[in-house]
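Only one structure is covered here, and it is reproduced in the block below.
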Amino acid sequence: MSEAWNNDQIAAFIARDIPDGAYVNLGIGRPEAVANHIPADKEIILQSENGLLGMGGVASDNERDMELVNAGKKPITMLPGGAFFHHADSFAMIRGGHLDVCVLGGFQVAANGDVANWSTGEPDAIPAVGGAMDLGVGAKQIFVLMTHTTKEGEPKLVKEISYPATARGACTRVYTDLAVLAVADGTFIVEDMVDGMTLEELQKRTAAPLKAQ
Amino acid sequence: MSEAWNNDQIAAFIARDIPDGAYVNLGIGRPEAVANHIPADKEIILQSENGLLGMGGVASDNERDMELVNAGKKPITMLPGGAFFHHADSFAMIRGGHLDVCVLGGFQVAANGDVANWSTGEPDAIPAVGGAMDLGVGAKQIFVLMTHTTKEGEPKLVKEISYPATARGACTRVYTDLAVLAVADGTFIVEDMVDGMTLEELQKRTAAPLKAQ
Amino acid sequence: MIDKRVSSLTEAVADVKDGSTVLVSGFGGAGSPIDLLHALLDQGASGLTLVSNNAGNGHIGMAALIEAGRVAKILCSFPRSAQSQVFTEAYRAGEIKLEVVPQGTLAERIRCGGAGIPAFYTPTSGGTPLEEGKEIREFDGQRCVLEPAIKADIALVKAKAADRWGNLVYYKSARNFGPIMCTAAKCAIVQVREYVELGDLDPEHIVTPGIYVDRAVLVENPIDEEKMLKAGEHRKPK
Amino acid sequence: MIDKRVSSLTEAVADVKDGSTVLVSGFGGAGSPIDLLHALLDQGASGLTLVSNNAGNGHIGMAALIEAGRVAKILCSFPRSAQSQVFTEAYRAGEIKLEVVPQGTLAERIRCGGAGIPAFYTPTSGGTPLEEGKEIREFDGQRCVLEPAIKADIALVKAKAADRWGNLVYYKSARNFGPIMCTAAKCAIVQVREYVELGDLDPEHIVTPGIYVDRAVLVENPIDEEKMLKAGEHRKPK
């Protein structure tokens, strides 16, 4: 197998798969990179749960305004046509099913679409959920961007999540450093793999049955 | 007994009793007259349930704009400091207990504060409630402005309302063409009467026990 | 490229299906999308459920739809007015069903439809005949009723201006139900008096973000409801 | 005459009582009323319940209140950040209670507190550990939880400008929780960078109508949270 995809490569795949005209929320962390890979021929409108629609890129040093930040609290810019609104209106937008896609980071995704991304369930961890559960139930599609396995090599695509759930049956696609998978009818369907990877090899790194496309 | 008070006189009493700085909604019809009697030394902010705060008076012919109307659908004006908002926000304001006073018209008021003002309960009537029930539960105080008796001489201040309720236990004060009454502890307390009226005479026109102040 | 603008009223309502639930903005004449309603009348969809504050005036707008027999049911807070004879006659003849909803409950049910809240408790109508058939529950000693969200197929809304993303601003008290109705319909169709360039609307001032709008259509000189009513005009399907 | 403007931060928070529930606007540094929080720190109220998206950063604002032992409980969606050590230590030491609420549920609970809605059903957190102890109900096959409104004694909010009626406009993403928090508190206290004359704010652009605001206080040069954090400043009660 050749090298695993880096986060920018994965983000580019996601940007490719988001349709023109889509309204999209990008989760904090790895998913933020998707914004940098949207093809010039697509108009994709980014929502941020802290009350922004029509978000532009990360602010340059001279644009920097700490009262204009994204959900990750990084200073950003707005596009012409953007709008501000308050938090209840923002989550009405999210919960109400108006976003076409939300890209979340993930700890685990199950073959039935269950997503775990907010807590590893360790007893001494400080619980912190943010907007993940609202996005999980609200967006029409949930894409999860994550490594295929943990640092220790444990599969993150599983039959049943063992970490606390973020949302049930929500995930429709998974983008990892090794593969692109659709989640449908309780199964992971492999759409793409890194060069040289075989389905058999990928299956070894995955704790739920894979299906070829 | 001397003449009954006319609607303008009753409205003036109400305007006198509304404290400076109060946020007030005036029901459609008779209560609208209160706006014309607010003393110059008081700043009272009028709300209209169709999304206005800081309503001014009725529009003159050259100010007339059918897209700027009050709840009674009459063209009005706005004061400096006024604001527009949508219907859900307007009723959040009403239901959320932010109005100090709402002045409603009434069919009946009971001594326990129950108000009936939206339906006479006739079987063939077209039911129509508007915002009365929301105002009834939402405003901190409900003043009812109505005639003391029906055209047929039937008392409108009663022990128990016989017409369908608008809101239960809501009314705090009643202003009629014959008297001004507080509603407290399940009793009507007479604060004022038209000249020459005695408590005994007023009691004859009232179907619940009256108490002198 | 996103462009929510369509070239005609006819195109704007072309695919409305029989049996659709249609939210209609407006409070009296303020914010009533009369031009869109007449386009819908001409389009021909029937068996409609209308959701609006009122039930139409004279023989235009919603009243014209009712008169043409297109409306099976109406949800509103106040179906009665000086000029609501068309509704009244249809209702008395049993040709149209009516659900009377307190105005604030109507607004909140629509907002919840757009906000993914399936139901909420409200004190409004507690202890009144309108609580009948509803689940009752006390909160802090206050009698509350459980109210379900309203979701719709179509919203017909009148606003002041739109850009190509569908961002909207409104005009004075014509705002009323427009913003919440745009959020609660699968397809929100908005007539505006003005198109503006993307970026012309200040992001601080946009009332309805374009995400809620599916189609905007330019009607620079909307029908003057008051004038039509005074003239006693009867709008029939073309 | 209505005049919501008060002359100092000290006066603005003078009567906050021990045991109060305090809503605190802001998302990260955007919209955080740090000046009001420091005035509250100096004022001395204790046993507070804070409701905010986060749990404070460094040793300023909410973190300074926690560090001074004034906070009994916090409701927030995300108490963890690179600089939330003060909260973390107090939590691990059992000195502060935590209720983690999904961000959208937090926002809606606050909105409902201001809107007279005692409770609502939401699909958010259905089927997750955060549904524990909550009433569950299915709507259209979706597992929903019943969530209660949040009402508070005090709201501390940062806005851009106010007039004497208390009408507010906000600045960019600093809007966040401010508008809903003003509606849900018995006493909403707002720090603004600018006072404007009554009538200077366009009625179409006012975000928070003055009815929701009890006190406005001018802070022309608010504390720069980022700078204080970088400087590692420890704000102690005066």
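Chain naming here is simple, since letters A, B, ... match the order of the sequence lines and numbering starts at 1 in each.
The aromatic rings of A:F107 and A:Y163 sit perpendicular, their planes meeting at an angle over 60°, well past the 30° parallel limit. Between D:F177 and A:H87, the ring-plane angle classifies as parallel under the 30° and 60° cut-offs.
Interface residue D:R80: backbone and side-chain heavy atoms are both found under 4.5 Å from chain A. Of the two parts of D:Y91, only the side chain, counted from C-beta on, holds a non-hydrogen atom closer than 4.5 Å to a non-hydrogen atom of chain A. Only the backbone of D:V101 comes within contact range of chain A, with heavy atoms under 4.5 Å apart. Only the side chain of D:N54 has a heavy atom closer than 4.5 Å to any heavy atom of chain A. D:Y170 does not touch chain A: none of its heavy atoms, backbone or side chain, sits under 4.5 Å away. Neither the backbone nor the side chain of D:R143 comes within contact range of chain A; no heavy atom of the residue lies under 4.5 Å from a heavy atom of that chain. Of the atoms belonging to D:L98, it is side-chain heavy atoms, and not backbone ones, that fall under 4.5 Å from chain A.
When only modelled atom types and interatomic distance are considered, A:S48 and A:N50 share a side-chain donor-acceptor pair under 3.5 Å. In summary, the side chains of A:D8 and A:N6 do not present any donor paired with an acceptor at a separation below 3.5 Å, with no hydrogens or angles considered.
A:R168 contributes a side-chain N or O that, together with a main-chain N or O of D:G127, makes up a donor-acceptor pair within less than 3.5 Å.
When the options A:D100, A:V34, A:I18, A:V101 are evaluated for a side-chain contact (heavy atoms from CB on, under 4.5 Å) with A:I44, the one that passes is A:I18.
For the pair A:E67 and D:K160, the salt-bridge criterion is not met [side-chain N within less than 4.0 Å of a carboxylate O]. Between D:E225 and A:K73 no salt bridge is recorded (no basic side-chain N to carboxylate O distance below 4.0 Å).
The candidate with the highest count of non-hydrogen atom pairs below 4.5 Å against chain A, out of D:Q142, D:E226, D:K158, is D:E226. By number of non-hydrogen pairs under 4.5 angstrom with chain A, the leading residue of D:C76, D:G104, D:S84 is D:G104. Chain D forms the most heavy-atom pairs under 4.5 Å with one residue out of A:S90, A:S119, A:A71, A:A167, and that residue is A:A71. Considering only heavy-atom pairs separated by less than 4.5 Å from chain A, the leading option among D:A107, D:S125, D:S77 is D:S77. Interface check for chain A: of the options D:G178, D:A55, D:P79, D:G29, the most heavy-atom pairs under 4.5 Å are formed by D:P79. Options A:M78, A:H86, A:E49 differ in how many heavy-atom pairs under 4.5 Å they form with chain D, and the most are formed by A:H86.
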Without placing hydrogens or testing angles, list every side-chain donor-acceptor pair under 3.5 Å for residues 124-131 of chain A, not counting sequence neighbours.
none

